[in-house]
Amino acid sequence: QVQLVESGGGLVQAGGSLRLSCAASGRTFSSYAMGWFRQAPGKEREFVATISWSGGSTFYADSVKGRFTISRDNAKNTVYLQMNSLKPEDTAVYFCAVGRYPVATMELTHMDYWGKGTLVTVSS
């Protein structure tokens with residue numbers, strides 16, 4: 001059974017950093033893109049960052065560009081999200097997902113598997 005488990009969320013002050021991890025099990029995802037999305041209270045789930053199967057291509061939402069970095073370790077079946085210079089508006093539940101294709105994608109509808117999410121709270 002495919003399972004994605006996020007970790008690393010928590011409470012941090014504005015300007016601080018967190019590193020999220022997402023460990024995949026049940027199958028190998030090294031041939032597929034992976035991504036991070038987030039959902040703030042009362043808002044729709046939105047794209048944050050995505051990475052191609054090889055790690056050679058990455059894309060970011062404008063709101064996190066220059067502050068967040070996505071990476072992956074295919075040997076560990078794990079994707080990471082390094083979040084620096086956090087802002088209160090980054091507060092959300094963060095979800096990792098596995099894409100349907102090898103190329104990086106920002107589309108939620110192109111993701112086949114989802115984790116349950118990890119909460120990130122940034123205080124001002």
Side-chain angles (χ1 to χ4, degrees):
Q1 184 172 348
V2 173
Q3 193 172 20
L4 301 176
V5 179
E6 302 95 337
S7 61
L11 174 63
V12 63
Q13 287 188 332
S17 298
L18 284 174
R19 188 192 193 207
L20 305 184
S21 299
C22 173
S25 61
R27 59 173 289 187
T28 300
F29 293 107
S30 58
S31 299
Y32 301 93
M34 297 186 77
W36 286 96
F37 298 78
R38 67 186 182 187
Q39 188 167 14
K43 295 188 177 181
E44 294 187 350
R45 193 170 300 188
E46 64 176 7
F47 165 75
V48 175
T50 182
I51 187 167
S52 64
W53 71 276
S54 66
S57 295
T58 57
F59 298 99
Y60 299 90
D62 287 343
S63 58
V64 307
K65 202 171 294 183
R67 300 188 297 122
F68 290 11
T69 303
I70 188 172
S71 61
R72 66 188 296 165
D73 185 336
N74 285 340
K76 296 182 178 179
N77 234 16
T78 300
V79 65
Y80 305 96
L81 186 67
Q82 178 66 44
M83 306 186 295
N84 299 328
S85 302
L86 283 160
K87 304 175 181 179
E89 51 263 43
D90 294 319
T91 295
V93 176
Y94 284 71
F95 300 88
C96 73
V98 178
R100 191 170 305 145
Y101 311 110
V103 296
T105 176
M106 298 179 284
E107 300 294 331
L108 278 76
T109 57
H110 290 180
M111 298 297 171
D112 280 344
Y113 301 99
W114 291 86
K116 294 183 178 180
T118 185
L119 177 63
V120 172
T121 303
V122 184
S123 63
S124 56

- request: Write down the atom of Leu4, the atom of Ala97, and the distance for their closest heavy-atom approach.
  value: CD1-CA, 4.0 Å
- prompt: With a distance cut-off below 6.0 Å to the six-membered ring centre and an angular limit of 45° from the axis, does Arg38 pair with Phe95 as a cation-pi contact?
  reply: no
- prompt: Taking all non-hydrogen atoms of both residues, which atom of Tyr80 and which atom of Ser21 are closest, and how far apart?
  reply: CD2-OG, 3.4 Å
message: Quick one: does any side-chain atom of Thr50 pair with a main-chain N or O of Phe59 as donor and acceptor, under 3.5 Å?
response: no
- prompt: Out of curiosity, His110 NE2 to Tyr101 OH, how far, rounded to the nearest 0.5 Å?
  reply: 5.5 Å
message: Using every non-hydrogen atom in the two residues, find where Leu108 and Trp114 come nearest and quote the distance to one decimal.
response: O-CZ2, 3.8 Å
- request: Report yes or no: do Trp36 and Val93 belong to one cluster of Ile/Leu/Val/Met/Phe/Trp/Tyr joined by side chain heavy-atom distances under 4.5 Å?
  value: no
field: Shared hydrophobic cluster for Met111 and Tyr94 (ILVMFWY, side-chain gaps under 4.5 Å)
entry: no
- prompt: CD1/Ile51 to OG/Ser71 distance, rounded to the nearest 0.5 angstrom?
  reply: 6.0 Å
- prompt: When you measure from the side chain of Gln1 to the backbone N and O of Gly26, does any donor-acceptor pair fall under 3.5 Å?
  reply: no
field: Between Asp73 and Thr78, a side-chain donor and acceptor under 3.5 Å
entry: no
statement: Here the pair of heavy atoms bringing Met83 nearest to Val120 is CE-CG2, 3.8 Å
message: Does Asp112 form a side chain to side chain contact (heavy atoms under 4.5 Å, CB included) with Val98? I'd like the steps, not just the answer.
response: CA-CA 6 Å; Asp112 280 344; Val98 178; 5.8 Å; no
field: NZ or CZ of Arg72 within 45° of Trp53 ring axis and under 6.0 Å
entry: no
query: Are Val48 and Met34 connected in the hydrophobic side-chain network, where two residues link if heavy atoms are under 4.5 Å apart?
result: yes
field: Within one Ile-Leu-Val-Met-Phe-Trp-Tyr cluster: Leu81 and Leu86, side-chain cutoff 4.5 Å
entry: yes
query: Are side-chain heavy atoms of Val79 and Cys22 found at a separation under 4.5 Å?
result: yes
task: Would you sort out whether Thr69 and Tyr60 count as a side chain to side chain contact (heavy atoms under 4.5 Å, CB included), showing the intermediate values?
output: CA-CA 8 Å; Thr69 303; Tyr60 299 90; 3.8 Å; yes
- prompt: So, does Arg27 use its side chain to make a donor-acceptor pair with the main chain of Gln3 at under 3.5 Å?
  reply: no
message: Between Leu119 and Thr121, does the side chain to side chain contact (heavy atoms under 4.5 Å, CB included) criterion hold? Intermediate values first, please.
response: CA-CA 6 Å; Leu119 177 63; Thr121 303; 3.7 Å; yes
query: Just by distance, do the side chain of Gln39 and the backbone of Glu44 share a donor-acceptor pair under 3.5 Å?
result: no
- line: Value for OG1 (Thr58) from CZ (Phe68), rounded to nearest 0.5 Å, stands at 14.0 Å
message: side chain to side chain contact (heavy atoms under 4.5 Å, CB included), that's the test. Do Thr118 and Leu20 meet it? Break it down for me.
response: CA-CA 8 Å; Thr118 185; Leu20 305 184; 4.0 Å; yes
message: Determine whether a donor-acceptor pair (N or O, by modelled atom type, separation under 3.5 Å) exists between the side chain of Asn84 and the backbone of Gly15.
response: no
- line: Between Arg67 and Ser85, the two heavy atoms sitting closest are NH1-O, 2.9 Å
- prompt: Counting only N and O atoms by type, is there a donor-acceptor contact under 3.5 Å from the side chain of Ser54 to the main-chain atoms of Gly56?
  reply: yes
message: Check Lys87 with Asp90, please: is the shortest side-chain N to carboxylate O separation under 4.0 Å?
response: no
field: Leu11 to Ser123 - nearest heavy-atom pair and separation
entry: CD1-CB, 4.3 Å
query: Sub-3.5 Å donor-acceptor pair from the side chain of Gln13 to the main-chain atoms of Val122, do we have one?
result: no
message: Membership question, hydrophobic clusters at under 4.5 Å side-chain separation (ILVMFWY): are Val64 and Ile70 in the same one?
response: yes
- request: Establish, yes or no, whether a centroid distance under 6.0 Å links the rings of Phe29 and Tyr113.
  value: yes
